[in-house]
There are 2 protein chains.
Amino acid sequence: MSNLELPVLGQDEAAACCSPMVREPLGEEAAVDLAKMFKALSDPVRLRLLSLIASHDGGEACVCDLTGPFDVSQPTISHHLKVLREAGLVGSERRGTWVYYWVLPAALARLSSLLEAPAGGSR
Amino acid sequence: MSNLELPVLGQDEAAACCSPMVREPLGEEAAVDLAKMFKALSDPVRLRLLSLIASHDGGEACVCDLTGPFDVSQPTISHHLKVLREAGLVGSERRGTWVYYWVLPAALARLSSLLEAPAGGSR
DNA sequence: CGGCTGTATCGACAGCCGTCGATGCAAGAG
DNA sequence: CTCTTGCATCGACGGCTGTCGATACAGCCG
């Protein structure tokens with residue numbers, strides 16, 4: 001393990017957080033930072049986990065709600081949740097017996113605005 | 001090598017293309033399809049290539065404009081461009097001696113809208 | 001034609017990633 | 001305390017991915 005979770009990070013330095021990448025070339029550091037988040041989204045299981053958590057009642061779900069819908073083992077689900085957490089896309093908290101996960105909307109919003117296309121998409 | 005480029009695909013079936021994933025759970029097929037695009041974005045070099053192409057004059061760039069800013073070799077750039085093309089994120093065309101690449105705005109828009117957070121970001 | 005320049009493909013190789021079963025740890029129940 | 005349940009970590013393994021140098025292909029120039 002050895003590596004802690006990046007808080008929400010980058011928000012300031014590696015950021016260039018909001019303007020669409022189609023307007024100006026991405027800096028090298030910002031690209032490295034953003035690539036980590038996109039990598040967290042680059043697996044079908046993690047994408048479904050994220051949407052399952054986000055669309056769950058109350059905006060959060062416990063792991064026990066998440067292992068059912070998948071064909072993979074519980075340790076694998078746990079691994080994917082860890083990846084999402086370390087990428088700063090979800091938060092988690094133990095509450096008694098269960099551990100709950102929720103989406104961090106700011107992170108998704110950052111990626112979303114980055115991908116926004118210019119209105120007049122030329123060709 | 002053996003696998004052709006997915007045209008733009010999914011636009012119809014695997015799609016569920018537009019509504020944010022935070023509203024309803026992503027289908028398994030849609031997740032697989034979307035994961036391919038996010039995987040194409042999960043490398044810093046490819047992210048910078050994409051923004052470099054998009055922000056280039058006229059909305060397109062020839063490969064000769066793209067090899068300069070990077071530390072990696074020309075075959076590697078070519079490889080990354082191929083990945084972006086097969087993911088349906090960019091288009092390309094040979095024009096005389098040079099090959100030009102441009103961004104496909106619809107693909108970026110699809111991903112962007114998928115990541116849109118619900119306005120009232122709860123916690 | 002022959003040579004030169006721009007781009008793609010090939011083959012190889014090291015490192016990363018998704019998955020598993022086994023196991024460990026936390027917390028409530030009896 | 002002991003048993004059970006929920007979740008995380010560990011170690012292993014096969015497959016994928018990013019990178020390179022070498023090479024092939026395409027089109028212009030002379």
Side-chain angles (χ1 to χ4, degrees), chain A residues 1-5 28 31-32 34-50 52-53 56 60-87 89-102, chain B residues 1-5 28 31-32 34-50 52-53 56 60-87 89-102:
Chain A
M1 38 217 60
S2 73
N3 82 17
L4 294 181
E5 4 212 318
E28 193 164 348
V32 169
L34 291 164
K36 289 176 188 170
M37 297 200 203
F38 283 122
K39 178 164 291 183
L41 295 176
S42 72
D43 182 279
V45 174
R46 286 197 291 267
L47 275 181
R48 291 177 61 205
L49 274 174
L50 198 65
L52 216 51
I53 292 170
H56 198 269
E60 57 181 24
C62 89
V63 180
C64 60
D65 296 322
L66 301 173
T67 48
F70 297 92
D71 288 337
V72 299
S73 68
Q74 173 268 323
T76 299
I77 295 292
S78 200
H79 164 70
H80 284 308
L81 288 170
K82 183 180 178 180
V83 172
L84 288 173
R85 184 161 32 88
E86 289 179 346
L89 296 175
V90 304
S92 71
E93 179 187 10
R94 173 155 221 138
R95 216 173 290 154
T97 305
W98 297 278
V99 176
Y100 289 85
Y101 283 79
W102 57 87
Chain B
M1 52 168 57
S2 74
N3 83 17
L4 294 182
E5 7 210 313
E28 192 165 347
V32 169
L34 291 164
K36 289 177 187 170
M37 298 200 201
F38 284 121
K39 180 164 290 183
L41 295 176
S42 72
D43 183 280
V45 174
R46 286 197 292 267
L47 274 181
R48 291 177 62 204
L49 274 173
L50 198 64
L52 216 51
I53 293 171
H56 197 269
E60 57 181 25
C62 91
V63 179
C64 60
D65 295 321
L66 301 173
T67 48
F70 297 92
D71 287 339
V72 299
S73 67
Q74 174 269 323
T76 298
I77 294 292
S78 200
H79 163 70
H80 285 308
L81 288 171
K82 183 179 178 182
V83 171
L84 289 172
R85 183 161 33 85
E86 289 178 348
L89 295 174
V90 304
S92 70
E93 180 188 8
R94 171 154 224 139
R95 215 173 292 155
T97 303
W98 298 277
V99 177
Y100 290 85
Y101 283 78
W102 57 88

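For the segment residues 41-50 of chain A, the set of residues with a heavy atom within less than 4.0 Å of an atom of DNA chain D is empty.
Contact annotation: the side chain of A:L52 never approaches that of A:D65 to less than 4.5 Å [non-hydrogen atoms, C-beta and beyond]. In this structure the side chain of A:R85 never reaches within 4.5 angstrom of the side chain of A:H80, judged on heavy atoms. Residues B:V99 and B:C62 are not in side-chain contact: their nearest non-hydrogen atoms beyond the backbone lie 4.5 Å or more apart. With contacts defined as side-chain heavy-atom distances shorter than 4.5 Å, the pair B:L81/B:V90 does not qualify. Counting only heavy atoms from C-beta outward, the side chains of B:W102 and B:H56 never approach each other to under 4.5 Å. Contact of the B:L47 side chain with the A:V32 side chain is not registered, since no non-hydrogen atoms from C-beta on lie closer than 4.5 Å. Between A:R48 and A:F70 there is a side-chain heavy-atom pair separated by less than 4.5 Å.
Side-chain N/O atoms of B:T76 include one lying less than 4.0 angstrom from OP1 or OP2 on D:dC20. Within the structure, a side-chain polar atom (N or O) of A:S73 is placed less than 4.0 Å from OP1 or OP2 of C:dC20. Side-chain nitrogen and oxygen atoms of A:K82 include none within less than 4.0 Å of the OP1 or OP2 phosphate oxygen of D:dC7.
Here the C1' atom of nucleotide C:dT7 and the CD atom of B:E93 are 15 Å apart, to the nearest Å. C:dC17 atom P lies 11 Å from atom CD of A:E86, rounded to whole Å. The nearest whole Å value for the distance from the CH2 atom in A:W98 to the P atom in D:dT5 is 13 Å. Rounded to whole Å, atom P of D:dA8 lies 7 Å from atom CG of A:L81. Between the C1' atom of C:dT9 and the CZ atom of B:R85 lies a distance of 12 Å, rounded to the nearest Å. Per the geometry, CG belonging to A:D71 stands 14 Å off C1' belonging to C:dC20, to the nearest Å. One atom, NE2 of B:H79, and another, P of C:dA12, lie 17 Å apart when rounded to the nearest Å. Atom CD1 in B:I77 sits about 13 Å away from atom C1' in D:dC20, given to the nearest Å.
For A:R94 (side chain) and A:Y100 (main-chain N/O), no donor-acceptor pair under 3.5 Å exists by modelled atom type. Side-chain N or O atoms of A:S42 include one that pairs as donor or acceptor with a backbone N or O of A:K39 at under 3.5 Å.
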>> Can you build the contact string for nucleotides 22-29 of chain D? Use B for base contact, S for sugar-phosphate-only contact, and - for no protein heavy atom under 4.0 Å.
In response: B----SS-
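Residue contacts shown for B:Y101 are limited to sugar-phosphate atoms, with no base heavy atom under 4.0 Å away.
Listed nucleotides D:dC20, C:dT19, D:dA8 differ in distance to A:V99; the shortest reach to its side chain belongs to D:dA8. Considering only side-chain atoms of B:H80, the nucleotide from C:dT19, D:dG18, C:dT9 that sits closest is D:dG18.
Nucleotide D:dG30 forms a pair with C:dC1, judged by Watson-Crick or G-U wobble geometry with both contacts under 3.5 Å.
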> Are A:R46 and A:V83 close enough, and set up right, to give a side chain to side chain contact (heavy atoms under 4.5 Å, CB included), and what steps lead you there?
Replying inline: CA-CA 8 Å; A:R46 286 197 291 267; A:V83 172; 3.7 Å; yes
